[in-house]
Engineer: 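Mind looking over this structure? Questions follow.
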Amino acid sequence: MRIDYLSDMGPLLLNLMLAIPFVGALLVLAAARRSRSAAAWTAAAVMASGLVALVPLLPATLSGDVLTTRIPWLPEWGLDIALRLDGLGLLFTLLILGIGLLIILYAAYYMPAYDRLGRFYALLLAFAGGMLGVVLAENTILMLVFWEITSLTSFLLIAYKYEAFDARIAARMALAVTGGGGLALLAGLLLLGNIAGSFELTVILAKGDVIRAHPYYPVVLVLVLLGAFTKSGQFPFHFWLPNAMAAPTPVSAYLHSATMVKAGVFLLARLYPVLSGTELWLVLVGSTGAVTFAYGAYVAILKHDFKGLLAYSTISHLGLITLLFGLDTPMSAVAALFHIINHAIFKASLFMAAGIIDHECGTRDMRRINGMFKYMPWTATLGILAAGSMAGVPLLNGFLSKEMFFTETVGHFAFQGYATWLLPAFATVAGVFSVAYSARFVHDVFFNGEPVDLPKTPHEPPRWMRFPVEILVGLVLIVGLLPQIAVGSILQAAAGAVLPSGVPEFKLAVWHGWNLPLAMSLAAFGLGLTYYWRRQYLFGLHEKYAPKIASPVAFERVYRDAGRLASWLLRVIDTRSLQRYLATLVVFVCLLGVWAWMSLPGRPLTGPLPSTPVDGAAIAALAGLLVGAVGTVVWHRQRLVAVIFLSVVGLVVSFAFIRFKAPDLALTQLSVEVVTIVLLLLSLRFLPGEVTARSSSLRKLRDGGLALVGGAGVAALTYAMLTRPFETISGYHLANAYTGGGGTNVVNVILVDFRGFDTLGEIAVLAMAALGLHALVDGLRLKPYAESAKRDADRHPVMLAEMMRPLLPLALAVSVYILLRGHNLPGGGFIAGLIAAVAFMLQYLASGIDFAAARMRFDYMRILGAGLLIATATGLASWLFDRPFMTSTFGYVHPPMIEKFELASAMVFDIGVFLVVVASILLALSELGTLSRRELIAKSSSREES
Amino acid sequence: MIVDIVISLLILVGATFALVGSIGLARLPDFFTRLHGPTKATTLGVGSVVIASLIHSGAATGGVSLRELAISLFLFITAPVSAHLLAKAALKTRANRSAKP
Amino acid sequence: MSHLPILPVLIPFLTAGLLLATHGMGTGFKRAVSSISVVALVVVSLLLLIESGDGSIRAYRLGDWPAPFGIVLVTDRLAAIMVTLTAMLAAAALLTALSGTDTEGRHFHVFFHLQIAGLNGAFLTGDLFNLFVFFEILLLASYALLAHGGGVTRTRAGLAYVVLNLAGSALFLIALGLTYGTLGTLNMADLARVLPMVAFGDQALVRTTLALLVAVFVLKAALLPLGFWLPHVYTAATLPVAVLFVIMTKVGIYALLRVSTIGFVTAPFTADLLQPWLAWLAIGTIALGSIGALAAARLSVVVANIVMISSGTLLLGVAAGGVNAYAAMLYYLVNTTVVTAGLFLLADRVSRQRGAVADFFEKGPRMAGILATGGAYLILAVAASGVPPLSGFLGKIMVMQSLQETSTAVGAWAAMLLSGFVVALVLARAASRFFWEPGLPDEEASTPEPVRQISSNTGSTDAALSGMIACAIVIVLGAAPISDYMRATADQLARPAGYVEAILGDSPAIRRERRP
Amino acid sequence: MLNFVIPVALAMLAIAMGLNLLRLVKGPSTPDRILALDTLTINTIAVVMLIGITASSAAYFEAALLIAMMGFIGTVALCKFLLGGDIIE
Amino acid sequence: MEFLVSAAIGLLTASGLYLILRPTTFSVVLGLTLLSYAVNALIFFGGRLGASAPPLILPGTDGHADPLPQALVLTAIVIGFGMTAYLVALALKAKGESGNDHVDAGEER
Amino acid sequence: MTLFPRVLPQPTITLGIMGLWMVLAPSASLGNLLLAVILGVSIPWITRSFWPDRPYLARPLTGIVLFVRVVGDIIVASWEVARLVVGPLDRLKPAFIDVPIEIDDPFVATLLASIVSLTPGTVSVDIDRAAGILNVHALNVADEAEMIAAIKRRYEAPLKRVFGC
Ligand code: NA
Ligand code: NA
């Protein structure tokens with residue numbers, strides 16, 4: 001009854017266990033405001049409560065049950081909050097929470113008193129939460145989420161002492177390697193999920209055969225292994241790990257023992273049922289583990305910094321664990337799990353002990369630290385025991401798993417025949433190194449004479465600082481002496497999760513009798529001590545030949561070189577040249593167009609329409625166009641001449657509009673043309689021709705080629721279009737313009753009614769252009785181009801001035817005429833506005849800006865606003881009649897004595913358009929005109945001064 | 001019919017003078033003599049066509065339409081101004097050129 | 001009848017008109033009008049989002065003309081999403097501007113509102129030529145906003161931006177002219193009806209025409225060989241403008257998405273128009289953005305390059321097509337828009353605090369208030385680089401999964417993973433510089449204060465930043481409902497028949513006239 | 001009759017315009033070119049009116065009117081630029 | 001006629017493209033103006049050539065030209081004008097600030 | 001008399017606008033006449049500041065006579081000039097001539113210059129009001145004094161009478 005109740009509680013507890021550290025992190029931040037110890041107690045309580053939450057789940061999990069929970073989150077993307085507690089998860093959870101609790105305790109004493117610890121504990125808890133998430137995730141994407149949370153939080157933890165260069169670099173290095181590995185893992189897990197059809201581990205783990213047989217298996221394997229190896233510090237991704245000891249010692253102790261690096265091997269264990277059992281696994285995992293095992297051990301002894309030594313020993317032991325998984329026998333997997341436990345215990349205690357020594361001595365250099373046994377015998381004893389375990393001394397836990405390793409190397413299935421001895425020999429040699437660096441740690445720190453020049457006198461640390469170490473060393477002994485009782489059941493449960501097809505019978509015992517593995521152990525011991533004894537020779541060799549690369553510097557250099565390379569690349573591909581951008585655009589569009597056409601073979605360029613007969617006017621117009629366009633190009637360096645030729649083009653285009661029955665367009669084009677010319681001439685005063693910048697002839701050739709290709713493309717498309725008939729909706733406009741829009745000029749009805757919304761946008765563009773110009777020119781000071789500066793004495797020829805005055809009212813009358821009739825005949829607000837603006841503009845031209853501006857005291861901005869509002873309000877009026885925006889209405893009025901005439905809301909709209917056009921153009925022109933006046937005033941005032 | 005003949009004559013006269021003006025523009029030796037060409041096109045050339053059009057549209061609608069006169073009005077106002085400014089500009093350009101070397 | 005669909009355009013438009021008509025009034029008045037308008041805009045867009053949430057597609061017929069003949073505004077889920085995003089960015093940008101940048105040049109508020117009107121119009125219109133008009137509105141407003149505040153850099157960047165876009169506009173018009181000249185319509189829904197009926201001999205012409213249209217959109221979206229302008233322009237703009245610009249590249253992507261979902265897929269000869277080049281170039285765009293981020297000497301340039309990377313990623317989604325890809329890219333889009341806007345705000349905050357060295361990765365005075373600013377930075381950086389657990393990661397795995405079956409999956413995955421990696425490293429280094437590295441000695445640290453800080457009132461900028469961070473967090477916490485909305489949106493997109501039916505369904509039979 | 005006369009007149013005007021273009025290209029001075037443009041514009045008025053007569057349509061009148069009204073502004077502006085480099089000061 | 005019209009549009013496009021690739025702002029302005037002529041003509045002729053009357057619904061007329069492209073071109077002309085005006089001002093501003101009228105600071109010439 | 005100029009600052013222009021409107025208007029209806037009046041009053045009023053001084057039409061009839069004469073001269077001179085242009089060019093004797101003028105009013109002087117320009121064969125190059133000289137370029141100058149006298153007689157004198165100056 002009670003059990004059932006608990007198992008119902010299981011999912012809740014599981015979710016709770018995962019939430020606790022994250023919520024706890026926030027609590028700690030709050031507690032730290034109160035006091036340092038409050039922070040410590042809160043943090044400890046958080047970890048402990050995680051353990052407490054685990055207790056009810058223990059029996060079932062130990063008996064092999066798998067507890068899963070699932071809160072759907074993004075099911076269609078395969079991401080749910082799905083958790084799982086099995087033997088493997090339990091093993092790691094215990095390590096994470098148990099050692100985490102000890103670390104918190106230890107840190108409370110270790111961390112300097114000025115540190116309020118809020119940030120520290122919060123990060124540490126969040127990191128622990130991330131680790132828990134990794135080991136408890138049922139959903140692989142969720143696992144990855146937590147995986148990267150550990151990368152992120154470890155980044156922040158390593159950089160905890162961020163004032164130090166080493167810490168900052170080490171943090172970024174760790175992020176680069178482990179975060180990068182995480183990305184590979186992400187790809188691997190996504191693929192894996194795709195193959196399995198689910199991201200749930202339960203499903204994935206059941207599909208090992210399918211996965212191993214899948215063509216993507218090698219890819220998945222490599223990607224997942226990249227994740228695992230980077231995280232667990234396997235060669236050649238190991239380098240971040242030694243640098244990570246820039247973190248405060250409690251962090252290092254945690255990262256190196258129970259977490260972070262263990263996440264990597266956890267992953268190997270987690271996916272062992274799915275990914276192992278192939279030759280590729282054997283080769284990749286086995287060889288990586290072997291190389292890392294040996295390399296870490298070899299380098300460790302060379303480190304004078306004892307934290308460095310320990311770091312490399314971590315690499316080596318993680319290599320060993322990886323190698324064990326790689327050996328791919330059931331027993332080796334068990335050994336791997338066992339060694340995970342053992343390594344966590346002894347490495348945590350070693351780091352804590354090392355932290356105490358560092359704390360007491362103020363240095364970590366073993367060449368200066370000597371004879372610590374004398375100063376702190378109790379701590380030294382603890383350290384020696386832990387180091388013994390690391391070396392694999394019998395009766396200590398490390399010995400047991402190492403012995404299992406040696407056993408598995410003997411007669412391994414991959415090494416048959418004459419190669420049988422290879423693996424045991426390798427294991428023994430690696431063992432020799434392990435013994436040697438352990439020996440160095442013990443002898444060089446605790447014995448080896450007197451300390452050299454220490455900043456302070458070491459003594460035993462506070463009682464409670466040592467306490468966590470005592471607990472752990474106690475475990476080293478307990479597991480070492482009574483392995484089956486201490487860890488037998490949990491190992492069994494964990495192995496059950498890793499080896500679903502059956503856990504081999506194993507008995508953890510201290511004594512297995514005289515056998516080859518024991519002989520290997522003894523040999524390793526003897527040779528290892530000898531090796532340590534002859535170390536000076538080795539150090540000499542190392543000093544002489546080993547490359548001296550400090551990895552933080554190297555990392556920063558690589559990063560910088562990458563940055564430089566990127567800058568260089570960017571400079572090559574992006575010259576920040578508009579000319580290049582434009583040329584690229586032309587090339588791109590041409591290629592895309594050609595591809596689009598060519599990819600549908602068999603379509604002719606010429607369509608079925610018979611061609612329209614050519615007439616003389618067309619040929620004359622073409623001649624004009626040719627002269628105009630080519631002239632503009634040829635004389636583009638002579639500014640004024642180019643403008644003249646451009647005007648010819650404008651004239652011809654207007655003429656073409658007339659010729660092909662578009663009077664409205666012709667009117668608009670003609671008026672716009674005039675304003676454009678005036679605008680260009682206004683600017684030409686300040687813009688030199690192409691005097692300074694000349695293109696090389698090669699460039700001209702290239703541009704000419706591009707232009708011809710582009711022009712030919714457009715011509716071809718136009719030709720293809722013109723020679724084909726098409727079916728259009730515009731019949732509707734022709735049919736409904738008068739009956740529905742109340743106007744006979746269909747173009748105008750389209751502009752103010754059918755597509756009045758376009759026109760509303762268009763006047764906004766015009767208004768903005770003028771305003772933008774105003775904003776740009778505002779306060780701008782320009783020197784006129786030298787040649788244009790000489791001005792004629794007779795600035796405003798009297799003939800011009802006098803004749804333009806009568807023209808103004810007459811042109812305004814024409815403008816009104818065009819405005820009023822636009823709905824029915826060519827014209828409308830645009831053209832009328834342009835005419836009115838030009839009429840006023842003429843006054844500028846004829847009599848100068850002073851004269852004109854004095855007489856045109858309009859507030860253009862207000863007129864612009866009014867025009868926009870009138871046009872919009874006309875559109876809004878239809879809301880009163882419950883019609884959509886811009887629904888027009890019209891009617892015929894017949895006052896007495898006067899013939900009936902039409903009133904249309906569209907006409908009001910057109911008045912808005914009219915106002916905007918007039919105000920925009922006049923604003924633009926008067927602003928450009930102000931430029932010269934500004935310059936003139938400046939000149940005259942400077943003349944007065946001198 | 002008579003209307004047609006009148007219109008045709010006017011059109012031909014107009015075209016002829018426009019052509020003559022442009023021949024002058026192309027042919028005459030210096031800027032100031034060339035300046036005289038366009039005035040022909042303006043006044044008599046376009047003037048004739050305007051009257052032709054006027055008669056034509058009047059005949060077509062059966063009423064009197066004087067709209068085309070507006071064209072001539074504007075041309076008469078603007079053409080002398082153009083010529084004047086062109087002449088001034090040419091004088092200025094010439095002065096600049098002679099002052100330069 | 002409901003006039004809701006036009007309000008997102010009308011409100012800013014009227015505001016601009018009002019501000020112009022009353023242009024003599026003081027700064028306070030302008031700010032008040034501007035703020036009220038933006039608040040109204042936010043409300044309206046949320047209403048639109050809710051209204052469209054029922055899956056209905058509504059056509060608002062301007063001038064009460066039936067669909068292919070007049071212009072229609074179309075509100076569906078996608079449009080509502082884009083309009084809402086715009087409103088949110090507008091709110092952030094305005095808040096930022098209120099701290100003083102709005103008075104650095106002329107007519108800021110007018111341009112600001114017209115820019116919004118242009119954006120919303122582009123998102124809402126169902127007519128291709130009207131789309132062009134709104135493109136021009138938003139572009140011209142962006143030109144003016146870019147120039148706002150003055151200075152050589154802005155002018156130079158502006159010149160390139162303006163000319164390039166004018167060339168793009170010319171191309172747009174060519175494409176539109178050819179579209180009309182071959183298909184006889186400009187209405188997007190009508191396009192979907194007409195496309196399948198194109199005669200065999202005309203197919204190459206139509207296909208090429210649409211290819212030109214695509215070229216226009218990818219230019220705006222800053223696709224690889226055309227996108228070099230983006231970092232320069234975004235970096236040159238003043239802060240509020242940069243924030244608003246974040247949505248600008250999305251307009252091109254939106255347009256491409258619209259046109260391809262409604263139009264291209266309906267006819268076999270255009271169905272493969274984006275294949276396979278778009279995906280490869282999108283991958284290249286991501287690579288280019290990554291290179292740019294790695295080469296960047298300052299935070300704002302990194303952010304601009306992140307915009308580029310996200311553009312590439314979104315285009316990958318467009319290229320892939322299908323419900324999954326659309327759903328994924330839409331979630332990603334919301335995230336990247338909010339986050340990059342937030343990062344721009346943050347880059348500004350960094351600049352303001354560090355004085356002369358601004359947001360350059362150089363030694364300078366250390367940031368004050370590390371916990372707040374650093375925390376904000378951490379959240380945004382994590383979300384931007386796609387590191388779990390924030391929305392960037394969710395977006396990334398969605399997009400990656402949705403691309404799984406495409407022929408370019410390997411390249412796309414590699415590009416997305418590596419770009420995230422690069423961005424994470426670069427942002428980590430920036431964090432190290434800004435927040436961790438010991439500052440300069442005191443006398444150097446107190447160098448003359450920031451150039452950009454006009455008024456000391458930066459509270460509103462901070463509010464904008466907080467808002468963006470809140471949004472970023474909401475996007476994670478609300479991932480499930482948001483993702484559902486996006487999936488429903490993608491469903492809607494993948495069934496163009498619904499769109500066509502909603503726009504043209506009850507129109508009188510479309511009588512087409514044969515020309516000539 | 002008009003059917004015969006108008007093409008002839010158009011041809012004459014086309015020749016005239018061709019001659020204008022010739023002057024435009026030859027120059028030699030800028031005023032020459034402006035003058036050529038001005039003449040071209042005025043000849044265009046005649047052509048437009050002839051087209052109007054041919055089509056018997058009133059729709060061409062405004063175009064001719066506008067060319068008459070606006071055409072010379074370009075000339076004025078160009079000349080003023082030559083005179084002082086500054087056309088509205 | 002179709003061929004001539006296409007050739008003319010192609011010619012305008014080519015001239016415009018060549019000019020926008022020149023290094024001075026003024027050339028670019030000229031080029032864009034030419035380009036917009038080409039574009040407007042293209043849209044306009046999208047309504048085809050053979051119309052016999054302008055799109056005015058006057059009694060007794062038929063064979064009206066397609067009004068829709070005409071309306072589009074009208075919009076395009078005005079927008080193009082606005083853009084040109086702005087670009088000219090921007091070119092002036094660039095000239096005023098950096099003393100030259102080169103389109104960019106880059107090496108391309 | 002004080003009210004009149006305020007309402008109708010430019011009666012001539014008012015007439016001109018009304019005339020132009022009636023010419024442009026599709027029909028000479030009452031409605032159009034009403035519009036013509038409205039415009040004829042309002043436009044001069046809007047643009048009144050552009051007219052610092054008001055030329056006063058003293059003798060409109062003389063003006064009409066002058067107009068007819070100018071048109072006639074244009075026709076006659078056109079033939080002569082056409083012959084010159086098409087014929088051999090060495091017969092041309094182009095020259096600048098200075099015509100002394102007695103008109104002070106700039107507008108009237110401008111009118112004179114315009115008439116000179118409109119008649120084929122002569123182009124007004126410059127008005128030097130200070131020196132009282134109209135600078136004219138003539139295509140073919142046979143007798144300079146005669147040409148000056150003709151201009152003064154045929155155009156300047158009637159113009160002075162028309163505007164009462
Ligand atoms: Na030592
Ligand atoms: Na004359």
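Below, chain A is the first sequence line, B the second, and so on; all start at residue 1. As the structure is a computational prediction, the values presented were derived from the model and not from experiment.
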Engineer: Heavy atoms only: give me the nearest C:A160-A:L578 pair and the separation to one decimal.
Structural biologist: O-CD1, 3.5 Å
Engineer: Need one label for C:F132: side chain, backbone, both or neither, based on atoms under 4.5 Å from any heavy atom in chain A.
Structural biologist: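 When you check distances to chain A, no heavy atom of C:F132 falls under 4.5 Å.
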Engineer: Between C:N324 and A:W77, which heavy-atom pair has the shortest distance, and what is it?
Structural biologist: O-CH2, 3.3 Å
Engineer: Under 3.5 Å, is there a donor on one side chain and an acceptor on the other for A:S730 and C:E513?
Structural biologist: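 No donor-acceptor contact under 3.5 Å links the two side chains.
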Engineer: Within a strict 4.5 Å, meaning less than it, do heavy atoms of the A:R724 and C:T182 side chains meet?
Structural biologist: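 Not touching, per the 4.5 Å side-chain cut-off.
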Engineer: Hydrogens and angles aside, do A:R862 and C:T22 bring a side-chain donor and acceptor to less than 3.5 Å of each other?
Structural biologist: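 No, no side-chain donor-acceptor contact under 3.5 Å.
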Engineer: Of the backbone (N, CA, C, O) and the side chain (C-beta and beyond), which part of C:F228 lies under 4.5 Å from a heavy atom of chain A, both, or neither?
Structural biologist: both
Engineer: For the residue pair A:Y162 and C:F435, is the inter-centroid distance of their aromatic rings smaller than 6.0 Å?
Structural biologist: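 No, the ring of A:Y162 stays outside the 6.0 Å limit from the ring of C:F435, centre to centre.
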Engineer: Before accepting this row, confirm whether a basic side-chain N of the pair A:E727/C:R515 lies closer than 4.0 Å to the acidic partner's carboxylate O.
Structural biologist: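 Here A:E727 does not pair with C:R515 in a salt bridge, since their nearest N and O are not under 4.0 Å apart.
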Engineer: Do the charged groups of A:R755 and C:D127 touch, with an N to O distance under 4.0 Å?
Structural biologist: yes
Engineer: Say whether C:W65 and A:D753, considering side chains only, have a donor N or O and an acceptor N or O under 3.5 Å apart.
Structural biologist: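 Yes - a donor-acceptor pair under 3.5 Å links their side chains.
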Engineer: Check whether C:R429 gets within reach of chain A through its side chain, its backbone, both or neither, counting any heavy atom under 4.5 Å.
Structural biologist: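 It is both, since atoms from each part get that close.
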Engineer: Under 4.5 Å from any heavy atom of chain A, what part of C:V422 do you find: side chain, backbone, both or neither?
Structural biologist: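 No part of C:V422 comes within 4.5 Å of chain A.
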Engineer: Is it the backbone or the side chain of C:Y180 that comes under 4.5 Å from a heavy atom of chain A, or both, or neither?
Structural biologist: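 Contact with chain A is through both the backbone and side chain of C:Y180.
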Engineer: Need one label for C:F129: side chain, backbone, both or neither, based on atoms under 4.5 Å from any heavy atom in chain A.
Structural biologist: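 Contact with chain A involves both backbone and side-chain atoms of C:F129.
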Engineer: Of the backbone (N, CA, C, O) and the side chain (C-beta and beyond), which part of C:L114 lies under 4.5 Å from a heavy atom of chain A, both, or neither?
Structural biologist: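 The side chain, not the backbone.
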Engineer: Side chain to side chain donor-acceptor pair (under 3.5 Å) with C:N187: which residues, sequence neighbours excluded?
Structural biologist: none
Engineer: Which bit of A:L605 is near chain C, if near means a heavy-atom gap under 4.5 Å: side chain, backbone, both or neither?
Structural biologist: neither
Engineer: Is it the side chain or the backbone of C:V218 that comes within 4.5 Å of chain A heavy atoms, both, or neither?
Structural biologist: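 Side chain only.
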Engineer: Given a strict heavy-atom distance threshold of 4.5 Å, which part of C:L205 is in contact with chain A: side chain, backbone, both, or neither?
Structural biologist: both
Engineer: Side chain from CB out, backbone as N, CA, C, O: work out which of these in C:F134 comes under 4.5 Å of a heavy atom of chain A, or both, or neither.
Structural biologist: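 Just the side chain, heavy atoms under 4.5 Å.
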Engineer: Considering residues at least two apart in sequence or located in another chain, which fulfil the salt bridge (Lys or Arg N to Asp or Glu O under 4.0 Å) criterion with A:D574?
Structural biologist: none
